[in-house]
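Below: one structure, written as structure tokens.
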Amino acid sequence: MEISQTEEKELSVDILEIKKEILKMIWLAQSGHPGGSLSCISLIYILYKNIMNIDSNNPNWEDRDIFILSKGHAAPALYAVLSKVGFIKKEDLFTLRKFGSKLQGHPTKNLKLGIEISTGSLGMGFSTSIGCALAAKLDNKDKKIFALLGDGELNEGVIWEAAMAASHYKLDNLIAVIDRNGIQSDGSTEEIMALEPLADKWKAFGWHVIEIDGSNIKDIINGFEKACNTFRKPTVIISYLIKGSDVSFMEHTKKYHGKPPNKEEYEIAITEIDKQIKRIQGDL
Ligand SMILES: Cc1ncc(C[n+]2csc(CCOP(=O)(O)OP(=O)(O)O)c2C)c(N)n1
């Protein structure tokens, strides 16, 4: 799928607008995970906007593609995209983590809202995605299952058991996407439990491996398209990203993994993002 420069600009602005919603949600809740919510938003948004077959008016549609946020702590990113594409009311976003809210700190299955499974315990979402992909094969459904994983999440042993099973069953309807932002909760992934050579590991497990620049919209779309046209193997897209991206003081640090911004930080963050939006729109 070729996209025009205008479409690319519009997507970039949407992504920045969604980042503002995420920051507002987490700031109002005074709790949550900004770093890993900001890093992966381009992937989730482009999936929902350009790649997946879904219908917000018919969330139970049997033939829909399925997205699973295996790194469940990035729930604000999922909720903000689901709001942008019509599943969740915008005003509900700001009930994040409040008593009685359906939008808790980690996703709870709610098909009406487009939330396919409950996640938060790292590794579990990915293994569930194997079950969904197998079920689609058994039902002869031409649908894709997408699972978004954190790179720190790859420390979980269950990930590698699931990876082995997916290639054993030749699940070419399964696409794993790794947010390779290089930082987990306690520091750099390479310091805590080295992952490299990551692409080689997935290849050795029988996966088709694609590496992309996760901040480049064309690269993301091409990566997903190649993945969707892969046969007899599951695909993993290793997507290089920046933790906390587009907010200067949140970038490349573990500090905002699970820490909300205070009022002053929130305001600075919004000003920085607004500047970028204006730059893209050619107003600066
Ligand atoms: C089974 C399990 N162990 C520990 C945690 C606590 N935890 C939440 S986020 C996180 C780090 C995840 O790092 P990464 O996947 O790189 O997340 P990202 O940087 O993309 O936010 C940990 C250890 C958890 N949610 N589940």
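Owing to the predicted nature of the structure, the values given are computational and were not obtained by experimental measurement. All ligand and atom numbering here is 1-based and tracks the order in the structure.
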Do the charged groups of [X] and [Y] touch, with an N to O distance under 4.0 Å?
{"X": "Lys254", "Y": "Asp186", "value": "no"}
{"X": "Lys71", "Y": "Asp179", "value": "yes"}
{"X": "Asp63", "Y": "Lys143", "value": "no"}
{"X": "Arg279", "Y": "Asp274", "value": "no"}

To check your reading of the model: name the closest protein heavy atom to [atom], its residue, and the distance in Å.
{"atom": "atom 20 (O) of ligand 1", "value": "Lys71 NZ, 2.8 Å"}
{"atom": "atom 14 (P) of ligand 1", "value": "Gly152 N, 3.4 Å"}
{"atom": "atom 15 (O) of ligand 1", "value": "Glu153 N, 2.9 Å"}
{"atom": "atom 26 (N) of ligand 1", "value": "Leu122 N, 3.0 Å"}
{"atom": "atom 9 (S) of ligand 1", "value": "His257 NE2, 3.3 Å"}
{"atom": "atom 23 (C) of ligand 1", "value": "Ser185 OG, 3.5 Å"}

By number and element, which atoms of ligand 1 are closer than 4.0 Å to a non-hydrogen atom of Gly150?
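Numbered from 1, ligand 1 contributes 15 (O).
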Distance filter under 4.0 Å to Ser121 heavy atoms, resulting ligand 1 atoms
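The atoms of ligand 1 under 4.0 Å from a heavy atom of Ser121 are 1 (C), 26 (N).
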Is it true that Glu21 and Ser83 share a donor-acceptor pair across their side chains at a distance under 3.5 Å?
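No, no side-chain donor-acceptor contact under 3.5 Å.
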Any N or O of [X] closer than 3.5 Å to N or O of ligand 1:
{"X": "Thr189", "answer": "no"}
{"X": "Asp151", "answer": "yes"}
{"X": "Lys243", "answer": "yes"}

Has [X] got any heavy atom lying under 4.0 angstrom from an atom of ligand 1?
{"X": "Ser39", "result": "no"}
{"X": "Gly120", "result": "yes"}
{"X": "Met124", "result": "no"}

Option whose closest heavy atom lies nearest to atom 3 (N) of ligand 1, chosen from Glu156, His33, Arg180, Lys254
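Heavy atom nearest to atom 3 (N) of ligand 1 belongs to Glu156.
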Please find the pair of heavy atoms, one from Ser167 and one from Gly206, that lie closest to each other, and give the distance.
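Scanning both residues, the minimum pair turns out to be CB-O, 3.6 Å.
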With under 30° as parallel and over 60° as perpendicular, where do the rings of His257 and His73 fit, or are they tilted in between?
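If you compare the ring of His257 with that of His73, the planes turn out tilted.
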Parallel, tilted or perpendicular: which one describes the rings of Trp160 and Trp202, with boundaries at 30° and 60°?
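Tilted: the ring planes of Trp160 and Trp202 meet at 30° to 60°.
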Examine the proximity of ligand 1 to [X] and report which part, side chain or backbone, both or neither, has a heavy atom under 4.0 Å away.
{"X": "His73", "result": "side chain"}
{"X": "Gln184", "result": "both"}
{"X": "Asn181", "result": "side chain"}

Tell me whether the NZ or CZ atom of Lys112 lies within the 45° cone about the ring axis of Phe87 and under 6.0 Å from its centre.
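Relative to the ring axis of Phe87, which defines the angle, Lys112 lies outside at least one limit.
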Say whether, by atom type as modelled, one donor and one acceptor occur between the side chain of Glu272 and the main chain of Ser248 under 3.5 angstrom.
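Yes, because the side chain of Glu272 sits within donor-acceptor range (under 3.5 Å) of the backbone of Ser248.
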Could you tell me whether the side chain of Glu251 and the main chain of Asp246 form a donor-acceptor pair under 3.5 Å?
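Indeed, once roles are kept as given, a pair shorter than 3.5 Å links the two residues.
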May I ask whether Ile237 and Phe67 are part of the same hydrophobic cluster, defined by side-chain heavy atoms of I, L, V, M, F, W, Y residues being less than 4.5 angstrom apart, directly or through others?
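Hydrophobic grouping puts Ile237 with Phe67.
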Nearest protein heavy atom to atom 6 (C) of ligand 1: under 4.0 Å?
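It does not: no protein heavy atom is found less than 4.0 Å away from atom 6 (C) of ligand 1.
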